[in-house]
Novice: 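Below is the structure I would like to discuss, written out as structure tokens.
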Amino acid sequence: MRYQGTVYRPPSEAGSLLIQATLGCPHNQCRFCSMYKGVPFRIRLLKDILEDLDLALDRYGPRVRTLFLPDGNTIVMKTSSLVPILEHARRNFPGLERVTVYGSARFINRKDAAELKDLAEAGLGRVHMGLESGDDPTLALMKKGATAAESIAAGQKIRAAGLELSAYYLVGLGGRTRFREHARASARALNEMAPEFIRLRTYYPTEGAPLFEDMSAGRFEIPGPYEALEELRLLVSGLRAETMVLSDHISNYLNISGRIPRDREDMLAEIDAAMNMEAERFERTLYHL
Ligand code: SF4
């Protein structure tokens, strides 16, 4: 199989066939992100992508169940290119249950409702969207490329088209000075988007990200573990939409997952228990970090 660069895909796509449709990220400006820095963005030739689907058929047979199309923001591709890819995938793998892509609000909003419906009809099932924050000052500082209102509009468009929305929230992105506002505003945005999934990630600095430089220079401080838990508590207590919260990432201090509203009180109790744990015991629970 042909694959260029580092593989980035959601943990839920760990068992999926990965067929690269784009290389890099067409935005590539988020200050916290180092994933594609230095990688020039490019959309692969349609014929190469279709050829890869045929190579995958030869190699794995027709029983592929899930497919993810990296890299960052494959939703940016023209609908007239994505549809034949989705159709070809369905022809090669008749039992395909799920096809997903990454898509930021900035690029989702370039598509109209009819285009998103076409994608859903052609077999796209879910968009993994990095909301990161619903707090405008945080979004602007991090150069996310979308305001909270634009992110909400994008999320609502995805859902209205019949696609599943998997929204990512980045614990700590507001820094020590703004983590409470970041949590509250994000809960409000997520309530309006009502994604099927909210996936929690805790920010940790990675070399190559501009925010890493800010942290090294003392211009940005990430919340400590207890502050991160307080942030998480604010987020979870503010969620009203029916959704599934998943902590499917090693970066998180606490592995809390559950369905909102059903499990909210249990989740809050779990967070409270962690917040009340004495430091030494709590640190022992963080062996994975
Ligand atoms: S977070 Fe996503 S949109 Fe932002 S630069 Fe990284 S890959 Fe691109």
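Atoms within a ligand are numbered from 1 in the order they appear, just like the ligands themselves.
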Novice: Going by an N to O cut-off under 4.0 Å, is there a salt bridge joining Glu51 and Arg2?
Specialist: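 Looking at Arg2 together with Glu51, the answer is yes, because their closest N to O distance falls below 4.0 Å.
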
Novice: Does ligand 1 have any atom that is closer than 4.0 Å to a heavy atom of Arg106?
Specialist: no

Novice: May I ask you to decide whether Glu13 forms a salt bridge with Arg98, counting only side-chain N to carboxylate O separations under 4.0 Å?
Specialist: yes

Novice: May I ask you to identify the nearest protein heavy atom to atom 5 (S) of ligand 1, giving residue, atom name and distance to one decimal place in Å?
Specialist: Asn28 CA, 3.5 Å

Novice: Which atoms of ligand 1 are found less than 4.0 Å from any heavy atom of Asn73?
Specialist: 3 (S)

Novice: Which ligand 1 atoms does Phe32 reach within 4.0 Å, using its non-hydrogen atoms?
Specialist: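 Here the atoms of ligand 1 in question are 1 (S).
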
Novice: Tell me, please: is Gly72 in heavy-atom contact with ligand 1, that is, under 4.0 Å?
Specialist: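 In this structure, Gly72 fails to qualify as a contact of ligand 1 - no heavy atom is under 4.0 Å.
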
Novice: Can you list the ligand 1 atoms lying under 4.0 Å from a non-hydrogen atom of Tyr36?
Specialist: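 Ligand 1 atoms under the 4.0 Å threshold to Tyr36: 7 (S).
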
Novice: State plainly whether the residues Arg159 and Glu196 are in salt-bridge range, i.e. N to O under 4.0 Å.
Specialist: yes

Novice: Please report which non-hydrogen protein atom sits nearest to atom 4 (Fe) of ligand 1, along with the residue it belongs to and the distance in Å to one decimal place.
Specialist: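 Of the protein heavy atoms, Cys30 SG, 2.3 Å lies nearest.
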
Novice: Under a 4.0 Å N-O cut-off, is there an ion pair linking Arg180 with Glu230?
Specialist: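 The answer is yes: the pair qualifies as a salt bridge.
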
Novice: Start with the C-alpha gap between Lys111 and Thr79, add the side-chain angles, then the distance that decides, and say whether side chain to side chain donor-acceptor pair (under 3.5 Å) holds.
Specialist: CA-CA 8 Å; Lys111 295 203 186 295; Thr79 305; 3.2 Å; yes

Novice: Verify the ring-centre separation between Tyr8 and Tyr36: is it less than 6.0 angstrom?
Specialist: yes

Novice: Do Lys47 and Asp52 sit within salt-bridge range, that is, some charged N less than 4.0 Å from a carboxylate O?
Specialist: no

Novice: Give the numbers and elements of all ligand 1 atoms closer than 4.0 Å to a heavy atom of Ser104.
Specialist: 3 (S)

Novice: If you have a sec, work out which protein heavy atom is nearest atom 2 (Fe) of ligand 1 and how many Å separate them, to one decimal?
Specialist: Lys144 NZ, 4.0 Å

Novice: Can you tell me if an N/O/S atom from Cys25 lies under 2.8 Å from atom 8 (Fe) of ligand 1?
Specialist: yes

Novice: Mind checking whether atom 6 (Fe) of ligand 1 has an N, O or S of Cys33 under 2.8 Å?
Specialist: yes

Novice: Is the gap between the ring centers of Phe68 and Tyr102 under 6.0 Å?
Specialist: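 Close enough - the centres of the two rings lie under 6.0 Å apart.
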
Novice: What atoms of ligand 1 come closer than 4.0 angstrom to any heavy atom of Met35?
Specialist: 7 (S)

